[in-house]
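Here the structure is a predicted model, which means the values were calculated and not measured. All residue numbers refer to positions in the sequence shown, counting from 1.
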Amino acid sequence: VCSSDLTLTTNTAPGLSYQWYKGGVAITGATSSSLVVTNTTGLGAGSYTVNVAITSSPACNSTTTTPTVVSLSPTPAASFTAGSTTTFCVGDSVLLTYNGTTGVGLQWNLNGAPLTGATAGTYLAKVGGSYTVTATTGAGCSDTSAATAVTVNPLPTVSITAAGPTAICSLSSVNLCAATGFVTYQWKFNGSNIATGANGACYSANATGNYTVTVSDNNGCVNTSVPVGVLVNPLPAVSTNPTDTITICGGTTTTITGAPCSNTTYTYQWSNGAGNIGGAVGCTYTTGTPGVYRIKVRSGQFLPPEDS
């Protein structure tokens, strides 16, 4: 038997008395029909008999049983250690290593239930819960270790919101923002850290490429957003013809042509010192009024109206 209690019993009947023996020596106080054998009472392995006598009158002869040999198998001591912190983030793990009695079979348990196939001397814990290990000897004696709690914290959820269209003009930008409340922020451009001004909840993007943000929370867990692509379109090349000062006679007009005129996706607006000229929205403008004239060309194929 293992180091737990073992009860030896004999037949019972009225008018009988009992005396238990170990190795032929009477056991003090062992005068009932049963005997509990355990190391804690000093009654371990050995050869046990019981003498049964009839106490009624007239008294009859007593009899002694054949010996029962009890062999005691020690109970193993199960224990283990954690190789690192038992509180970590999703995707990490902790190695649990058995360090109890050797030469035994092992079974790792999670929340009291055996883990399938987990019978080696180590176990890599990736899931939160209460871990124990059970050690069993060849005689079937077993012990389960004290429990160690593993806590797995979730990764922070982070995404990027653009404050406007992500297709912008050269010399402009779009504000990209993550949620506030994270401990740290690191913005990245095409997978590389942005060195300057990239440690807040928002970043002003002004180059074509993919932007992500990596954040950490109060548990030290880190996660990176999915990329947001930004496209920077070049400004349209604008010129006028004539390009210099134009002198005309009073009562006459001249026509100024803005280039390019052939792109159907462009829109135009002429202006002078007083501001935009009403109705002057073609690539040419005819005037006989002195002044300085400009043309604004908007590439409307990709860009919002305010970008020119």
Begin from the C-alpha positions of Y21 and V50 and carry the test side-chain contact (heavy atoms from CB on, under 4.5 Å) through to its verdict. CA-CA 6 Å; Y21 296 83; V50 60; over 6 Å; no
I want to check something: taking the side chain as every heavy atom from C-beta on, are V158 and V213 in contact at a cut-off of under 4.5 Å? yes
Note: Y203 and T196 closest approach over all heavy atoms is CE1-O, 4.1 Å
S216 and T184 side chains, donor-acceptor separation under 3.5 Å: yes
Return the minimal non-hydrogen interatomic distance between V174 and A162, and the atom names on each side. CG2-CB, 4.3 Å
Using the rule that Ile, Leu, Val, Met, Phe, Trp and Tyr join whenever any side-chain heavy atoms are under 4.5 Å apart, tell me whether Y185 and V183 fall into a single cluster. no
Is the closest side-chain donor-acceptor distance between S173 and S204 under 3.5 Å? yes
Whether S130 side chain and N111 backbone form a donor-acceptor pair below 3.5 Å: no
Just checking, any donor-acceptor pair under 3.5 angstrom between side chains of S34 and T9? no
Would you say V232 and N206 make side-chain contact, with heavy atoms under 4.5 Å? no
Using a 3.5 Å distance criterion without hydrogens, assess whether the side chain of T55 forms a donor-acceptor pair with backbone atoms of G15. yes
Given the side-chain rings of W108 and F80, with only the six-membered ring counted for Trp, is the space between their centroids under 6.0 Å? yes
Check step by step if side-chain contact (heavy atoms from CB on, under 4.5 Å) holds for L155 and T157. CA-CA 6 Å; L155 299 182; T157 300; over 6 Å; no
Heavy-atom pair of closest approach, residues I295 and G282: CD1-O, 4.2 Å
Look up atom CH2 in W20 and atom CD1 in I27, then write down how far apart they are to the nearest 0.5 Å. 8.5 Å
If only atom types and distance count, is the side chain of Q186 paired as donor or acceptor with the main-chain N or O of I194 below 3.5 Å? yes
Under 4.5 Å between side-chain heavy atoms, counting indirect links through other Ile/Leu/Val/Met/Phe/Trp/Tyr residues: same cluster for V222 and V94 or not? no
Using the rule given for side-chain contact (heavy atoms from CB on, under 4.5 Å), can you reason through L8 versus V37, listing the C-alpha separation, both sets of side-chain angles and the distance that settles it, and then say yes or no? CA-CA 7 Å; L8 303 177; V37 177; 3.9 Å; yes
With hydrophobic residues grouped by side-chain heavy-atom distances under 4.5 Å, do V297 and I256 end up in a single group? yes
Would you say that V150 contacts F88 through its side chain, given a criterion of any heavy-atom pair below 4.5 Å between the two side chains? yes
With under 30° as parallel and over 60° as perpendicular, where do the rings of Y123 and Y131 fit, or are they tilted in between? tilted
If every non-hydrogen atom of P156 is compared with every non-hydrogen atom of D217, which pair is closest and at what distance? CD-OD2, 3.7 Å
Side chains of T75 and D143 only: does a donor on one sit below 3.5 Å from an acceptor on the other? no
So how far is it from T161 OG1 to L176 CG, rounded to the nearest 0.5 Å? 9.0 Å
With sequence neighbours left out, what residues match P114 under side chain to side chain contact (heavy atoms under 4.5 Å, CB included)? Q107, N109
Side-chain (T31) to main-chain (Q19) donor-acceptor, under 3.5 angstrom: no
Atom pair CG (L6) and CG (L35), whose distance is rounded to the nearest 0.5 Å: 9.0 Å
Side-chain (T119) to main-chain (L106) donor-acceptor, under 3.5 angstrom: no
Counting distance only, does the side-chain N/O of T132 pair as donor-acceptor with the main-chain N or O of T144 below 3.5 Å? no
Out of curiosity, N210 CG to N190 CG, how far, rounded to the nearest 0.5 Å? 5.5 Å
Residues at least two apart in sequence or cross-chain that pass side-chain hydrogen bond (donor to acceptor under 3.5 Å, both in side chains) with T68, listed by chain then number, are none
Please report the closest heavy-atom contact between L96 and A125, naming both atoms and the distance. CD1-CB, 4.2 Å
Holding to side-chain hydrogen bond (donor to acceptor under 3.5 Å, both in side chains), I want the full list of residues that pass it with T148, two or more places apart in sequence or in another chain. none
Y18/T10 under side-chain contact (heavy atoms from CB on, under 4.5 Å): CA gap, chis, key distance, verdict: CA-CA 9 Å; Y18 308 90; T10 188; 3.6 Å; yes
Quick one: CG on N272 to OG1 on T289, what's the gap to the nearest 0.5 Å? 8.5 Å
Between S271 and Y293, does a side chain to side chain donor-acceptor pair (under 3.5 Å) hold up when you go through it step by step? CA-CA 6 Å; S271 64; Y293 292 83; over 6 Å; no
I need the minimum non-hydrogen distance between P67 and S47, along with the two atoms involved. CB-OG, 3.1 Å
Between T255 and Y285, do the side chains contain a donor N or O and an acceptor N or O under 3.5 Å apart? no
Which distance, rounded to the nearest 0.5 Å, do you find between the OG of S33 and the CG of L16? 9.5 Å
Can a donor-acceptor pair be found between the side chains of T212 and S225 at a distance below 3.5 Å? no
Would you say V90 and V127 are hydrophobically clustered, going by side-chain heavy atoms of ILVMFWY under 4.5 Å? yes
